[in-house]
Amino acid sequence: MPIARLSSRALISITGDDARPFLHTLLTQDVETLTDGELRFGALLSPPGRLLFDLFLLGQADGVLLDVATERRDALIQRLSMYKLRAKVEVAAHDRPIFAAWPDAPAGFIPDPRTPLMGGRLYGEAIPDASEADYDAHRLSVGVPDPTADAPQDKTYPIEADFDLLNGIDFHKGCFVGQETTSRMKRRGTIKNRMLPLDFDGPPPAFGAEVLKGELRAGEVLSGRDSSVMALLRIDRLDGDLTVDGRPVRLRRPAWMGEDVLPSSDA
C-alpha cells in the first residue's frame, strides 16, 4: 500500500478555551462535536460564500489541528488571527509532517473523510515509499478535486468543488462565514457547475482551456496530468461529445458521486 509525504500540506494549531467554538462559527464543518483523533473535511469561505481555504480538521485534546495548503498557511493564520478578537485562542504554525496512504487506510492512518476511496492520512512520522505525484494521480483517478489547485481563491463556490458531496459542509450546524449563499444554493438546487474529471489521450490541455459541446461552451479545464484533468463543467451540457482544443475528451462520473447529481444521460 503506497505511502507518500504531502509536502504541499502543512498544519496550524488552534488551542485555548475557545478553540472549538471559535472555529465552529467560521468553518463549513461542525467543530464542536469533533472528537479527539477524528478527522473532518471543510473550508473557510469569504462572506459572499466563495472558497478561500480548503482544510481538514483533526480533533485534539487541547484544540484542533488544521491541515491546509502549505502555500496558504501564513495567509490563513493571518485571517484567523483577524477573526479571533477577544477569543481565548492561540493560532500558530505546527511542524508535524503529513502523510497519505491509499487506496485504504492502514493501521495508524485516519480514514479520509471525503471518501474511503482516498485512503487515509497520518499526522506524525512514517516511511514513504511513493511520491506526492503518485498520490495526486490516485486522487485524479478517484475524481476528487484539489481545491487549492482547481479553485482560485474567492472565485469558486464550495458546492461547485463538490464539498457537499465529499462531506465538506454541515448544513445542520447553523451559521458559518458564507453560510447564507451556500445553504441557498443547496436548498434551491441552483447548482449549475461542478468539478468533474475528464479523460483523454495525450498531454493535458492548459489550465483554463475551454471545454466545448459542439460550439457551445461547456466549461473549463483545471489542473491535471497526462490522460486526465479536473474540469469545472456545466451540468446541463454534459450529454453528447465534448472536446478541448479540438481533441475529444471523455467525462468520467466518480464512483462516490450519487446517481441523481448529474443528468441521467450518457454523462
Tell me if a side-chain donor or acceptor on T243 pairs with a main-chain N or O of G246 at a distance below 3.5 Å. no
Are D112 and R114 close enough for a salt bridge, meaning some N to O gap below 4.0 Å? yes
So, does K173 use its side chain to make a donor-acceptor pair with the main chain of H24 at under 3.5 Å? yes
Is there side-chain contact between F200 and V244, with at least one heavy-atom pair below 4.5 Å? no
W102 side-chain N/O to A4 backbone N/O, donor-acceptor pair under 3.5 Å: no
Connected via hydrophobic side-chain network under 4.5 Å: L238 and M257: yes
Between T28 and A43, is there a donor-acceptor pair closer than 3.5 Å when you use the side chain of the first and the backbone of the second? yes
Taking C-beta and beyond as the side chain, do V249 and V229 meet within less than 4.5 Å on heavy atoms? no
Is it true that, when you exclude Q153 itself, more than 12 heavy atoms of the residues, nucleotides or ligands shown sit nearer than 6.0 Å to its CD? yes
Can you confirm whether D104 sits close enough to M1 that some side-chain heavy atom of one is under 4.5 Å from a side-chain heavy atom of the other? yes
Exceeds 12 heavy-atom contacts within 6.0 angstrom, atom CG of L216: yes
Just to verify, which of L66, I77, L65 counts as forming a side chain to side chain contact (heavy atoms under 4.5 Å, CB included) with I14? L66
Looking at R73 and L11, what are the two nearest heavy atoms and their distance? NH1-O, 3.0 Å
Compare all side-chain heavy atoms of S46 with those of D154 and state whether any distance is below 4.5 angstrom. yes
Under the side chain to side chain donor-acceptor pair (under 3.5 Å) test, which residues partner R234, sequence neighbours left out? D236
May I ask you to decide if L232's main-chain N or O and N193's side chain share a donor-acceptor pair within less than 3.5 Å? no
Which atoms form the tightest heavy-atom contact between A161 and P145, and what is the distance? O-CG, 3.7 Å
Can you name the nearest heavy-atom pair linking A231 to L198, along with the distance? CB-CD1, 3.6 Å
Indicate yes or no for a side-chain donor-acceptor contact from D136 to the backbone of E132 under 3.5 Å, with no hydrogens or angles considered. no
Minimum heavy-atom separation for G143 and P197, please, with both atom names. CA-CG, 3.9 Å
Side-chain donor-acceptor pairs under 3.5 Å in residues 47-63, sequence neighbours left out?
| unit_1 | atom_1 | unit_2 | atom_2 | d |
| --- | --- | --- | --- | --- |
| R50 | NH2 | Y157 | OH | 3.2 |
| D54 | OD1 | T148 | OG1 | 2.8 |
| D54 | OD2 | R9 | NH1 | 3.1 |

Can you tell whether the side chains of R194 and D164 come within less than 4.0 Å, N to carboxylate O? yes
Restricting to side chain to side chain donor-acceptor pair (under 3.5 Å), what partner residues turn up for D199, sequence neighbours left out? S228, R252
Does D201 come within less than 4.0 Å of R247, counting only side-chain N to carboxylate O? no
Using the side chain to side chain contact (heavy atoms under 4.5 Å, CB included) definition, which of the options L26, T182, L44 pairs with F176? T182
Within residues 20-38 or reaching into it, pairs that qualify as salt bridge (Lys or Arg N to Asp or Glu O under 4.0 Å) - sequence neighbours excluded: R20-D36, E38-R40
Side chains of T156 and M195, heavy atoms from C-beta outward: is any pair under 4.5 Å? yes
So, for G178 and L45, which heavy atoms are closest and what is the spacing to 0.1 Å? O-CD1, 4.2 Å
Give a yes or no on this: more than 12 heavy atoms of other residues, nucleotides or ligands lie within 6.0 Å of atom CD of Q179. yes
The remaining residues in the hydrophobic cluster of F109, counting side-chain heavy-atom contacts under 4.5 Å among Ile, Leu, Val, Met, Phe, Trp and Tyr, are I3, F99, L122
Of all residues at least two apart in sequence or in a different chain, which pass the salt bridge (Lys or Arg N to Asp or Glu O under 4.0 Å) check with R5? none
Does D170 reach the main-chain N or O of H172 with its side chain, forming a donor-acceptor pair under 3.5 Å? yes
Any heavy-atom pair between the side chains of R237 and V211 that's under 4.5 Å? no
Is the shortest side-chain heavy-atom distance between L80 and V89 below 4.5 Å? no
What are the two closest heavy atoms between R72 and A151, and how far apart are they? NH2-O, 3.8 Å
Is a side-chain donor or acceptor of T25 paired with a backbone partner of F22 at a separation under 3.5 angstrom? yes
Quick check: does any side chain N or O of K84 sit under 3.5 Å from a backbone N or O of E90, one acting as donor and the other as acceptor? no
Taking the side chain as C-beta and beyond, is there a heavy-atom pair between I127 and D129 under 4.5 Å? no
Is it the case that the side chain of R139 and the backbone of M118 share a donor-acceptor pair, with hydrogens and angles ignored and the cut-off at 3.5 Å? no
